[in-house]
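Working notes for the structure below.
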Amino acid sequence: MSDNTAGGNPGKIHFMLWSTPPRATFSEDMTAEERNIMYRHIAYWTERQSQGIALIFGPVRKPNDPHGLAVIEVESADQVPQLIAEDPAVIAGIMATDFYPMMAVLPK
């Protein structure tokens, strides 16, 4: 069992993704272009959700430190950098995303 594998889905491993916007006020003052990119970002992760990769994702409205959070389930850690690199918000340079192994406990 790998360090971030939990019971419930053999062969799958989990990661927490932490996405940082370009500024703390981003959700209130994004430009029309940034909003369009964020719509594509949401569509991208919604598609990953329909594929069973993104278990949950969304904005965290922490005062003075807003960020995006996702929990993903993959077969290999090698998939994670590619998933992040293909995110429209990362491609556009308006979101930086870090990832960390996670021992997720999922409902049965």
Side-chain angles (χ1 to χ4, degrees):
M1 185 181 324
S2 73
D3 289 347
N4 62 324
T5 301
N9 202 348
K12 299 287 186 167
I13 55 178
H14 300 93
F15 290 85
M16 187 270 302
L17 279 57
W18 181 285
S19 297
T20 306
R23 56 193 175 277
T25 58
F26 183 67
S27 66
E28 290 87 34
D29 65 8
M30 68 179 85
T31 66
E33 180 181 357
E34 289 170 331
R35 188 172 312 283
N36 184 41
I37 292 165
M38 291 308 292
Y39 286 143
R40 294 194 328 254
H41 164 78
I42 294 165
Y44 174 80
W45 286 107
T46 299
E47 178 61 24
R48 303 296 83 74
Q49 192 172 50
S50 71
Q51 295 169 345
I53 295 169
L55 302 180
I56 188 169
F57 69 94
V60 177
R61 299 193 183 270
K62 181 179 176 187
N64 300 316
D65 186 22
H67 55 275
L69 182 73
V71 175
I72 63 170
E73 181 177 78
V74 293
E75 294 179 12
S76 165
D78 296 336
Q79 293 173 264
V80 181
Q82 187 65 33
L83 286 164
I84 293 168
E86 293 173 352
D87 181 334
V90 172
I91 292 168
I94 62 170
M95 195 74 65
T97 301
D98 296 314
F99 63 97
Y100 306 94
M102 180 179 182
M103 291 188 68
V105 178
L106 305 174
K108 293 182 181 195

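Values in this document were obtained by computation on a predicted structure and should not be read as measured data.
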Check: residues 80-91 side-chain donor-acceptor pairs under 3.5 Å, at least two apart:
from, atom 1, to, atom 2, distance (Å)
Gln82, NE2, Glu86, OE2, 2.7
Asp87, OD1, His41, ND1, 2.8
Asp87, OD1, Ala89, N, 2.8
Asp87, OD2, His41, ND1, 2.9
Asp87, OD2, Trp45, NE1, 2.8

Mind listing the closest non-hydrogen atom pair of Pro21 and Met95 along with its distance? N-SD, 3.8 Å
Keeping to residues at least two apart or across chains, list the ring-ring contact (aromatic ring centres under 6.0 Å, His included) pairs with something in residues 61-86. Trp18-His67
Can you tell me how far OG1 of Thr25 sits from CG of Asn64, rounded to the nearest 0.5 angstrom? 11.0 Å
State, with a plain yes or no, whether a side-chain heavy atom of Leu106 is found less than 4.5 Å away from one of His14. yes
State which residues pass ring-ring contact (aromatic ring centres under 6.0 Å, His included) with Phe26; sequence neighbours excluded, sorted by chain then number. none
For residues Phe57 and Thr46, determine if any side-chain heavy atom of one lies less than 4.5 Å from a side-chain heavy atom of the other. yes
Atom pair CG (Asp98) and CE (Met16), whose distance is rounded to the nearest 0.5 Å: 8.5 Å
Those residues at least two apart in sequence (or on a different chain) that pass salt bridge (charged side-chain N to carboxylate O under 4.0 Å, His left out) with Glu75 are Lys12
Approximate separation, where rounding is to 0.5 Å, of Met30 CE and Ile37 CD1: 10.0 Å
With Leu69, the side-chain contact (heavy atoms from CB on, under 4.5 Å) member among Leu17, Val60, Ile56: Val60
Report the distance from atom OG1 of Thr20 to atom CG of Asp65, rounding to the nearest 0.5 Å. 7.0 Å
What are the two closest heavy atoms between Ile13 and Ser76, and how far apart are they? CD1-C, 3.8 Å
Please report, to 0.1 Å, the donor-acceptor pairs under 3.5 Å made by any side chain of residues 47-54, with sequence neighbours excluded.
from, atom 1, to, atom 2, distance (Å)
Glu47, OE2, Gln51, NE2, 3.3
Arg48, NE, Gln51, OE1, 2.9
Arg48, NH1, Tyr44, O, 3.2
Ser50, OG, Glu47, O, 2.7

Suppose we screen for salt bridge (charged side-chain N to carboxylate O under 4.0 Å, His left out). Which residues come up paired with Arg23, at least two apart in sequence or across chains? Asp29, Glu34
